[in-house]
Protein chains: 2
Amino acid sequence: MVTKQFSGSPEDADLRRADSLAREIFSDVANKWALLIIESLGERTLRFSELRNEIEGVSHKMLTQNLRMLERNGLIERTVHPVVPPRVEYTLTEAGRALRVTIDGLCDWTHHYLGHIEASRHRFDA
Amino acid sequence: MVTKQFSGSPEDADLRRADSLAREIFSDVANKWALLIIESLGERTLRFSELRNEIEGVSHKMLTQNLRMLERNGLIERTVHPVVPPRVEYTLTEAGRALRVTIDGLCDWTHHYLGHIEASRHRFDA
DNA sequence: CCGTATCCGTTCAGATACTG
DNA sequence: CAGTATCTGAACGGATACGG
């Protein structure tokens, strides 16, 4: 995933393609709002406005943008109920729920090392 | 972590501080280069130039910037050997190694759902 | 070899206004 | 309510040059 060296052999073409795709997905997923959206959805189904209230500081634009991206990658499912006013609901797919497990790990890690990190910052800034 | 609602009670001040700090750490760590650096280091100790070769596409500037950030947060340790030419080595701290475990999970997830995601993208783009 | 500083084009993200 | 489009300043990221 991280490695750089490829020989020029033809079967490496596939490896290079997979590697670059993995990088792309990595870049998509490893961003603040995407992670927070997935955490917020969890096992629930939420409307656009509910997500907006749930995630502090997210703008209308960023939320839309990231929801589209996650939908494109097949991590969330978008269902439009044809009523007025419109009702649009978002829910995690299986891939999304699988990703959520690893993100939970990241959250746990953050809380566990919160003190350690804060202390380290003070040391560094001095 | 994700929740927004706080009452005005005084003991919530700490919660709000911890929450905002967690967000900050989240933003620091959830970025492409930081994750790749941590993955690259793994159990090894690497020099600056070795990291640069290891991580495809990273610029001198980005590498420096992210190494400083990770050092500040206490995820990596930087040791300077007073020789000429300079020899600077980077290694994960315990917190860094703990984080690496969860990042490994993210890598596994990426590879596992690579096909699913690629297919979903083609469907979406049509 | 390693690090910092500067310049400069690109992308990002908020605010606002407007549709169904 | 949900979404799109546009505009504008800020932040990012690469290239380059120079210092320890």
Side-chain angles (χ1 to χ4, degrees), chain A residues 2 4 20 23-37 40-41 44-73 75-92 124-125, chain B residues 2 4 20 23-37 40-41 44-73 75-92 124-125:
Chain A
V2 170
K4 176 181 189 177
S20 106
R23 279 290 186 94
E24 214 181 305
I25 296 168
F26 225 70
S27 302
D28 275 359
V29 160
N31 104 48
K32 186 183 173 182
W33 298 128
L35 294 181
L36 289 173
I37 289 172
S40 287
L41 283 178
R44 298 175 293 173
T45 293
L46 291 178
R47 303 181 56 173
F48 183 88
S49 49
E50 290 170 334
L51 275 168
R52 189 139 165 52
N53 290 331
E54 195 78 16
I55 302 174
E56 163 128 15
V58 72
S59 69
H60 190 113
K61 185 183 177 180
M62 285 300 100
L63 187 53
T64 309
Q65 222 170 72
N66 279 278
L67 284 171
R68 288 297 160 278
M69 180 272 288
L70 291 173
E71 186 192 1
R72 185 172 113 92
N73 286 322
L75 304 190
I76 63 176
E77 197 183 358
R78 177 170 176 269
T79 26
V80 183
H81 299 276
V83 294
V84 281
R87 179 182 188 85
V88 182
E89 295 183 326
Y90 296 92
T91 181
L92 292 183
F124 187 91
D125 293 342
Chain B
V2 171
K4 175 181 189 177
S20 105
R23 279 290 186 91
E24 215 181 304
I25 296 169
F26 225 71
S27 302
D28 274 0
V29 159
N31 104 49
K32 185 182 173 182
W33 298 129
L35 294 181
L36 289 172
I37 289 172
S40 288
L41 282 179
R44 299 175 291 173
T45 293
L46 291 178
R47 304 181 56 172
F48 183 88
S49 47
E50 291 170 333
L51 275 168
R52 189 139 165 51
N53 290 330
E54 195 78 16
I55 302 174
E56 163 126 16
V58 72
S59 68
H60 190 114
K61 185 183 178 181
M62 285 300 100
L63 187 53
T64 311
Q65 222 169 70
N66 280 277
L67 285 171
R68 287 298 159 278
M69 181 270 289
L70 291 173
E71 186 191 1
R72 185 173 112 91
N73 287 323
L75 304 190
I76 63 177
E77 197 183 357
R78 177 169 176 269
T79 27
V80 182
H81 299 276
V83 295
V84 283
R87 179 183 188 84
V88 183
E89 295 184 325
Y90 295 92
T91 181
L92 293 182
F124 188 92
D125 293 342

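So you know, we letter chains A, B, ... as the sequences are listed, proteins then strands, and number each from 1.
Taking the charged nitrogens against the carboxylate oxygens, Arg87(A) and Glu89(A) do have a contact shorter than 4.0 Å, which makes a salt bridge. Between Glu54(B) and Arg44(B) there is a salt bridge, since at least one side-chain N of the basic residue sits less than 4.0 Å from a carboxylate O of the acidic one.
OP1 or OP2 of dC2(C) has not a single side-chain nitrogen or oxygen of Arg52(B) nearer than 4.0 Å. Contact between the side-chain N/O atoms of Ser49(A) and the OP1/OP2 oxygens of dA2(D) is found at a separation under 4.0 Å. Remark: Arg87(B) is not in phosphate contact with dG3(C), judged by side-chain N or O atoms under 4.0 Å from OP1 or OP2. For Tyr90(A) and dG3(D), the shortest distance from a side-chain N or O to OP1 or OP2 is below 4.0 Å.
Of the candidate nucleotides dG3(D), dC2(C), dG3(C), dC2(C) has the atom nearest to the side chain of Arg47(B). For Pro86(B), whose side chain is taken as the heavy atoms from C-beta onward, the closest listed nucleotide among dG14(D), dC1(D), dC2(C) is dC2(C). Nearest nucleotide to the Ser59(B) side chain, out of dG14(D), dG3(D), dC2(C): dG14(D).
Look at CG on Leu46(B): it is 11 Å from P on dC2(C), rounded to the nearest Å. In this structure, Asn31(B) places its CG atom 15 Å from C1' of dC12(C), rounding to the nearest Å. Separating the CG atom of Leu63(B) from the P atom of dG14(D) is a distance of 11 Å, rounded to the nearest angstrom. Whole-Å rounding puts the Met62(A) CE to dA5(D) P distance at 14 Å. Between Asn66(A) atom CG and dG3(D) atom C1' the separation is 15 Å, expressed in whole Å. In this structure, CZ of Arg68(B) is placed 11 Å from P of dC2(C), rounded to the nearest angstrom. Rounding to whole angstrom units, NE2 of residue His81(B) and P of dG3(C) are separated by 12 Å. Atom-to-atom, CD of Glu89(B) to C1' of dC2(C) comes out at 13 Å; the value is rounded to the nearest Å.
Atom-to-atom distance recorded for Leu70(A):CG and Trp33(A):CH2 is 13.5 Å, nearest 0.5 angstrom.
A donor N or O paired with an acceptor N or O is not found under 3.5 Å between the base of dG14(C) and the side-chain atoms of His60(A).
When the nearest nucleotides of DNA chain C are assigned to Gln65(A) and Leu67(B) by heavy-atom distance, the more 5′-ward of the two goes with Leu67(B). Nearest-nucleotide positions on DNA chain D for Pro85(A) and Lys61(A) put Pro85(A) closer to the 5' end.
Asn31(A) and Asn31(B) share no side-chain donor-acceptor pair at under 3.5 Å.
The two atoms that bring Leu63(B) and Val58(B) nearest to each other are N-CG2, 3.9 Å, heavy atoms only.
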